[in-house]
Number of protein chains: 2
Amino acid sequence: MRANKIKRRAPVKLCDCGMAAATQILSDKWTLLIIREAFYGVVRFDDIRKDIGIPKAVLSNRLKKLVEQGILQKVTYQLEGERTRSGYVLTGKGRDLTLVFVAMMDWGNKHCLDGKSAVTILDKNDLQTLKLGLIGEKDFAQIRGLEDIHIRLKL
Amino acid sequence: MRANKIKRRAPVKLCDCGMAAATQILSDKWTLLIIREAFYGVVRFDDIRKDIGIPKAVLSNRLKKLVEQGILQKVTYQLEGERTRSGYVLTGKGRDLTLVFVAMMDWGNKHCLDGKSAVTILDKNDLQTLKLGLIGEKDFAQIRGLEDIHIRLKL
DNA sequence: TAACCTGAGTTTGACATGTGAACTCAGACT
DNA sequence: AGTCTGAGTTCACATGTCAAACTCAGGTTA
């Protein structure tokens with residue numbers, strides 16, 4: 001290995017590091033799976049529980065924390081012919097996790113799932129395939145906003 | 001909330017979901033912080049420990065798992081005038097976490113750190129500022145590879 | 001050569017958290 | 001009035017976390 005790249009200290013202190021701050025909120029066995037449910041539109045306590053197999057006590061605790069942190073909000077809604085219920089949906093702060101979500105999905109598909117991916121991300125308007133990447137200033141205008149994208153299942 | 005968006009089940013099973021697979025590997029209080037150290041070039045057991053404040057027993061355990069999973073590899077290296085030592089550096093699979101890293105950093109900076117960011121990501125060649133985003137097919141060629149980027153500290 | 005220092009762990013034992021099963025409680029249905 | 005369902009809470013036990021003490025190998029000092 002190239003010894004000149006070795007550092008004895010990280011150049012950014014934990015308290016100045018957005019990545020470190022984010023991990024403290026997101027890095028828990030269940031939290032990101034709960035947020036995944038929210039992205040897919042599953043809002044009910046028992047539905048989330050059945051989908052991901054989380055113990056009730058833990059789900060209750062995590063939902064509480066996610067609401068405190070402003071990532072989810074508790075809302076009241078009513079499905080056709082059903083009574084009103086409460087559910088948990090993403091706030092703006094929560095929806096802003098989209099790129100984290102996509103980045104993890106891409107990595108997981110490539111390295112844990114033999115490159116298979118279950119969804120494609122499309123431009124909502126022209127249905128063009130979208131890809132996550134780092135791009136230069138002159139192309140910033142080409143970046144799609146969260147309102148302009150659509151997640152489509154394959155097959 | 002728009003009731004038509006509510007689902008009773010996630011459309012992608014956990015076992016087919018790259019995101020879910022990724023969370024099972026990464027979602028632990030310390031794992032992503034250890035990977036952060038690796039990105040910054042901190043490779044030694046004790047240096048990592050001092051930087052992030054992780055207990056030795058836990059660090060030992062996590063490094064073992066990260067090596068098993070092929071995200072880090074244990075290497076032998078020698079600094080000028082020091083004896084040979086072993087350290088932990090990113091593999092290709094580990095470096096592929098760059099976009100996850102950047103996505104989490106962007107989110108954490110925006111939502112946990114008042115928009116302050118400690119680093120900028122530049123094109124290694126023309127020092128253009130780079131940004132993470134979803135872009136359309138005709139611009140795929142503008143996406144920078146991991147070899148072409150450079151993380152610069154602000155100030 | 002012996003004593004010491006440092007890095008990289010392992011062991012220990014108290015404490016915290018996670019877990020599944022059983023319990024609660026309120027609103028709607030019969 | 002009794003039952004069902006959704007959304008939790010409580011319990012008792014297994015697992016994980018933590019700080020401090022211990023180990024062990026190489027290199028340094030006396």
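Chain naming here is simple, since letters A, B, ... match the order of the sequence lines and numbering starts at 1 in each. Values reported hereafter were calculated over all heavy atoms of this structure, with side chains retained and with hydrogens, waters and symmetry mates removed.
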Visitor: Check the phosphate of D:dG16 against B:Arg62, side-chain N and O only, distance under 4.0 Å to OP1 or OP2. Yes or no?
Guide: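 Negative; the distance criterion is not met.
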Visitor: Looking at the side chain of A:Pro55, which of C:dA8, D:dT17, C:dG20 is the nearest nucleotide?
Guide: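 When the side chain of A:Pro55 is considered, C:dG20 is the closest of C:dA8, D:dT17, C:dG20.
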Visitor: Look at the side-chain heavy atoms of Ile, Leu, Val, Met, Phe, Trp and Tyr, link any pair under 4.5 Å apart, and say whether B:Val100 and A:Ile143 land in one connected group.
Guide: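 B:Val100 and A:Ile143: separate clusters.
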Visitor: Does C:dG9 have its OP1 or OP2 closer than 4.0 Å to a side-chain nitrogen or oxygen of B:Tyr88?
Guide: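 The answer is yes; a side-chain N or O of B:Tyr88 sits under 4.0 Å from OP1 or OP2.
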Visitor: What's the closest nucleotide to the side chain of B:Arg44 if the choices are C:dA8, D:dA7, D:dA19?
Guide: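 Looking only at heavy atoms from C-beta outward on B:Arg44, the closest nucleotide is C:dA8.
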Visitor: Write down the distance between CD1 (B:Ile48) and C1' (C:dG9), rounded to a whole number of angstrom.
Guide: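 Atom-to-atom, B:Ile48 to C:dG9, this comes out as 13 Å.
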Visitor: To the nearest Å, how far apart are B:Lys74 NZ and C:dA8 P?
Guide: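 It is 9 Å, rounded to the nearest whole Å.
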Visitor: Could you tell me how far apart B:Asp46 (CG) and C:dG7 (P) are, to the nearest whole angstrom?
Guide: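 Rounded to the whole Å, the gap is 6 Å.
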Visitor: What nitrogen or oxygen pairs link the protein and nucleotides 21-28 of chain C at under 3.5 Å?
Guide:
none

Visitor: Do A:Thr120 and A:Lys154 have a side chain donor and acceptor closer than 3.5 Å?
Guide: no
Visitor: Verify the cluster assignment for A:Met105 and A:Leu113: are they in a single hydrophobic cluster under the rule of side-chain heavy atoms below 4.5 Å apart?
Guide: no
Visitor: With a 4.0 Å cut-off on heavy atoms, is B:Arg49 in touch with a base, just the backbone sugar-phosphate, or nothing at all?
Guide: nothing
Visitor: Looking only at heavy atoms, which two atoms of A:Leu26 and B:Ser27 are closest? And how far apart?
Guide: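 Closest heavy-atom pair between A:Leu26 and B:Ser27: O-OG, 4.3 Å.
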Visitor: More than 12 foreign heavy atoms under 6.0 Å from NZ of A:Lys110: is that the case here?
Guide: no
Visitor: Counting the atoms with a prime plus P, OP1 and OP2 as sugar-phosphate, which does B:Lys50 contact under 4.0 Å by heavy atoms, base, sugar-phosphate, or nothing?
Guide: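 If one applies the 4.0 Å heavy-atom cut-off, B:Lys50 turns out to touch nothing in the nucleic acid.
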Visitor: For a quick test of reading the model, state the closest non-hydrogen atom pair linking B:Tyr40 to A:Ala10 and the distance between them.
Guide: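 Answer, listing the atom of B:Tyr40 first, then A:Ala10: CD1-CB, 3.9 Å.
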Visitor: Check whether any side-chain N or O of A:Lys29 sits under 3.5 Å from a backbone N or O of B:Thr23 as a donor-acceptor pair, and report yes or no.
Guide: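 Not at all, since once roles are kept as given, no pair shorter than 3.5 Å links the two residues.
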Visitor: Check whether any side-chain N or O of A:Ser60 sits under 4.0 Å from OP1 or OP2 of D:dT9, and answer yes or no.
Guide: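 True: A:Ser60 side-chain N/O within range (under 4.0 Å) of D:dT9 OP1/OP2.
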Visitor: Give the rounded distance in Å between these two atoms: NZ of B:Lys65 and C1' of D:dG16.
Guide: 9 Å
Visitor: May I ask you to list the residues of residues 23-37 of chain A, by number, that have any heavy atom positioned under 4.0 Å from an atom of DNA chain D?
Guide: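 Listed by number, there are none.
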Visitor: Could you check how far OH of A:Tyr77 sits from P of D:dA7, rounded to whole Å?
Guide: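 So the OH-P distance, A:Tyr77 to D:dA7, works out to 6 Å.
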Visitor: Take atom CG of A:Asp47 and atom P of D:dG8, then tell me their distance rounded to the nearest Å.
Guide: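 Distance, rounded to whole Å: 13 Å.
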Visitor: Strictly by modelled atom types, are B:His150 and B:Asp123 linked by a side-chain donor-acceptor pair under 3.5 Å?
Guide: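 No, B:Asp123 and B:His150 have no side-chain donor paired with an acceptor closer than 3.5 Å.
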Visitor: Toward the 5' end of DNA chain C, which comes first, A:Ile54 or B:Gly87, by nearest nucleotide?
Guide: B:Gly87
Visitor: Among D:dG6, C:dT10, D:dT17, find the nucleotide with the atom closest to the side chain of B:Lys64.
Guide: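 Nearest to the side chain of B:Lys64 among the choices is C:dT10.
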Visitor: Quick check: closest heavy atoms across A:Ser86 and A:Lys74, and the distance to 0.1 Å?
Guide: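 The answer is OG-CE, 3.6 Å.
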Visitor: Roughly how many Å is it from CG in A:Asn61 to P in C:dG18, rounded to a whole number?
Guide: 7 Å
Visitor: Specify the separation, in whole Å, of atom CG of B:Leu59 and atom C1' of D:dC18.
Guide: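 Roughly 14 Å, once rounded to whole Å.
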Visitor: Is there a donor-acceptor contact under 3.5 Å from the side chain of B:Arg9 to the main chain of B:Lys7?
Guide: no
